[in-house]
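Here is the structure we will look at, set down as C-alpha cells.
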Amino acid sequence: MPLLEVEDLATGYGAVPVLHGVNLSVDEGETAVLLGLNGAGKTTTLMTIAGLLLPWGGRVVYDGRDVTGRDSDALVRKGLVLVPEGRHVFPSLSVEQNLRLGAWARRRRRSEVQGAMGRMFEAFARLLERRAQEAGTLSGGEQQMLAIARGMMSNPRLLLVDEASLGLSPRFAHDVFETLRRINDEGVTVLMVEQNAGVLQIAGRAYIMDKGRIVHQDTGEGMLERGELRRAYLGAPA
C-alpha cells in the first residue's frame with residue numbers, strides 16, 4: 001500500500017516552472033530512488049513533498065491523507081522528514097548537540113530523546129566516537145551520516161534524503177547507502193534523490209526524472225540492467 005503518492009505535481013520558482021506534472025508513489029517499507037541529472041527537478045520534488053515549496057498544481061498524499069501545501073513542521077510531527085542536500089550540520093556544535101536539535105519537536109519528552117540518541121550512537125559507531133567533537137571538523141562522509149542520524153532523531157516514518165552521496169568518495173558513498181539500507185530494514189520508508197547509480201543496488205523502486213517529468217520507472221535491479229538509460233539520463237557507463 002502506498003505511504004506516499006504524488007499526483008500531477010507542478011511547481012517552480014518565481015514565474016519559472018520546474019515540475020510539469022510529476023507522478024510517483026512509494027509503498028510503506030520500501031526504498032525508492034529518484035534519479036536524474038542536475039536540473040531535472042529532483043530536489044524541487046522533495047522540497048515540495050516536504051512542505052518547503054508550495055505546489056502550483058497536483059497533490060501530495062501521505063498515509064492516505066492529502067497533505068498538499070501543509071507546513072513542513074506539521075509534516076515532521078507526522079513522521080515525514082527531509083534530510084536536505086549539502087549535509088547542513090551546525091559546524092560549531094558538537095555531534096551530540098546536532099542530534100538533540102533533530103529531536104526538537106519532542107524535546108520535552110526527555111526519555112524518548114535519550115532513547116533515540118542511544119539508538120543513533122549504536123547505529124552510527126563513528127558518531128559515538130566523536131560525540132563531543134565539533135561537527136564542522138568531521139569528514140564529509142561523517143557529516144553526511146550525522147545529517148541522516150539527525151533526521152532519524154525526529155522518529156520518521158518516511159525519510160526523504162537528498163543527494164546523500166554528493167561529494168563523497170566511493171567508499172563513504174557505499175557506507176552511506178548501507179546505512180540507509182539498514183534504516184529501511186528497521187521499518188522506515190525511504191525516498192532518495194541521487195545521481196549515483198550505485199544506489200540502485202538498495203532500491204526496490206527507481207524513477208528517472210528529466211526536465212521536470214518522470215520519464216522511466218522500474219525496479220532498482222531492472223534499472224541496473226538498462227545501460228542505455230544510465231548513459232542517457234545519468235551520464236553513467238553502461
Side-chain angles (χ1 to χ4, degrees), residues 2-27 30-62 67-69 72 75 80-86 144 148 151 158-168 173 176-177 180 184 189-238:
L3 179 61
L4 175 71
E5 295 176 273
V6 175
E7 301 174 357
D8 297 321
L9 194 63
T11 194
Y13 302 93
V16 180
V18 175
L19 304 184
H20 306 279
V22 172
N23 292 278
L24 62 84
S25 66
V26 183
D27 287 345
E30 185 175 40
T31 291
V33 61
L34 184 58
L35 297 153
L37 296 172
N38 283 336
K42 306 183 305 297
T43 292
T44 300
T45 300
L46 285 198
M47 289 178 63
T48 310
I49 293 170
L52 296 172
L53 189 63
L54 287 175
W56 295 357
R59 66 179 192 148
V60 176
V61 178
Y62 169 66
V67 296
T68 312
S72 60
L75 292 175
L80 196 162
V81 176
L82 171 66
V83 178
E85 178 185 348
Q144 184 62 74
I148 293 169
L158 171 61
L159 189 67
L160 310 177
V161 185
D162 193 1
E163 297 281 14
S165 70
L166 185 66
L168 300 185
V176 167
F177 291 156
L180 289 166
N184 179 245
T189 304
V190 179
L191 173 60
M192 305 172 62
V193 152
E194 270 294 337
Q195 293 186 63
N196 185 339
V199 74
L200 290 169
Q201 297 178 32
I202 67 166
R205 189 185 315 217
Y207 296 95
I208 290 183
M209 191 171 206
D210 185 47
K211 298 177 182 177
R213 291 183 173 88
I214 302 296
V215 292
H216 291 282
Q217 175 185 347
D218 205 335
T219 63
E221 183 178 357
M223 200 72 80
L224 272 173
E225 297 173 355
R226 301 287 299 277
E228 76 283 2
L229 291 181
R230 299 202 309 278
R231 285 195 306 271
Y233 295 106
L234 301 176

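This one's a predicted model, so the numbers in the text were calculated from it and none came from an experiment.
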Taking D8 for the side chain and G21 for the main chain, is one N or O donor matched with an acceptor at less than 3.5 Å?
no

Donor-acceptor pairs under 3.5 angstrom involving side-chain atoms of residues 53-60: please list them, not counting sequence neighbours.
{"from": "R59", "atom 1": "NE", "to": "E7", "atom 2": "OE1", "distance (Å)": "2.7"}
{"from": "R59", "atom 1": "NH2", "to": "E7", "atom 2": "OE1", "distance (Å)": "3.4"}

E194 side chain vs A164 backbone, donor-acceptor pair below 3.5 Å:
yes

Does S165 reach the main-chain N or O of L168 with its side chain, forming a donor-acceptor pair under 3.5 Å?
no

Say you draw a straight line from CG of L160 to CG of L52; how long is it, rounded to the nearest 0.5 Å?
9.5 Å

To the nearest 0.5 Å, what is the distance between CZ (R205) and CG (D27)?
4.5 Å

Hey, does V199 have a side-chain heavy atom less than 4.5 Å from the side chain of L35?
yes

Nearest-0.5 Å distance, NE2 of residue H20 to CD1 of residue I214
12.5 Å

Of the non-hydrogen atoms in A203 and V33, which two are nearest, and what is the gap between them?
CB-CG1, 3.6 Å

Rounded distance [0.5 Å steps], CG in L158 versus OG1 in T189
6.0 Å

Between side-chain atoms of residues 40-49 and protein atoms elsewhere (two or more places apart, or another chain), which donor-acceptor pairs fall under 3.5 Å?
{"from": "K42", "atom 1": "NZ", "to": "G36", "atom 2": "O", "distance (Å)": "3.0"}
{"from": "K42", "atom 1": "NZ", "to": "L37", "atom 2": "O", "distance (Å)": "3.0"}
{"from": "T43", "atom 1": "OG1", "to": "D162", "atom 2": "OD1", "distance (Å)": "3.2"}
{"from": "T43", "atom 1": "OG1", "to": "D162", "atom 2": "OD2", "distance (Å)": "2.8"}
{"from": "T44", "atom 1": "OG1", "to": "Y13", "atom 2": "OH", "distance (Å)": "2.7"}
{"from": "T45", "atom 1": "OG1", "to": "G41", "atom 2": "O", "distance (Å)": "2.8"}
{"from": "T48", "atom 1": "OG1", "to": "T44", "atom 2": "O", "distance (Å)": "2.7"}

Enter the distance from M209:CE to L19:CG here, rounded to the nearest 0.5 Å.
5.0 Å

So how far is it from L166 CG to Q195 CD, rounded to the nearest 0.5 Å?
7.5 Å

Nearest heavy-atom contact between A206 and L200 is CB-CD2, 3.6 Å

Could you walk me through whether L4 and L191 pass side-chain contact (heavy atoms from CB on, under 4.5 Å), step by step?
CA-CA 9 Å; L4 175 71; L191 173 60; 3.9 Å; yes

If you compare all heavy atoms of L75 against all heavy atoms of G51, which two are closest, and at what distance to 0.1 Å?
CD1-N, 3.8 Å

Just by modelled atom types, is the S25 backbone N or O under 3.5 Å from a matching donor or acceptor in the Y207 side chain?
yes

Kindly determine whether E30 and L3 satisfy side-chain contact (heavy atoms from CB on, under 4.5 Å), including the steps that lead there.
CA-CA 9 Å; E30 185 175 40; L3 179 61; over 6 Å; no

Do you know the tightest heavy-atom contact between A173 and N196?
CB-ND2, 4.1 Å

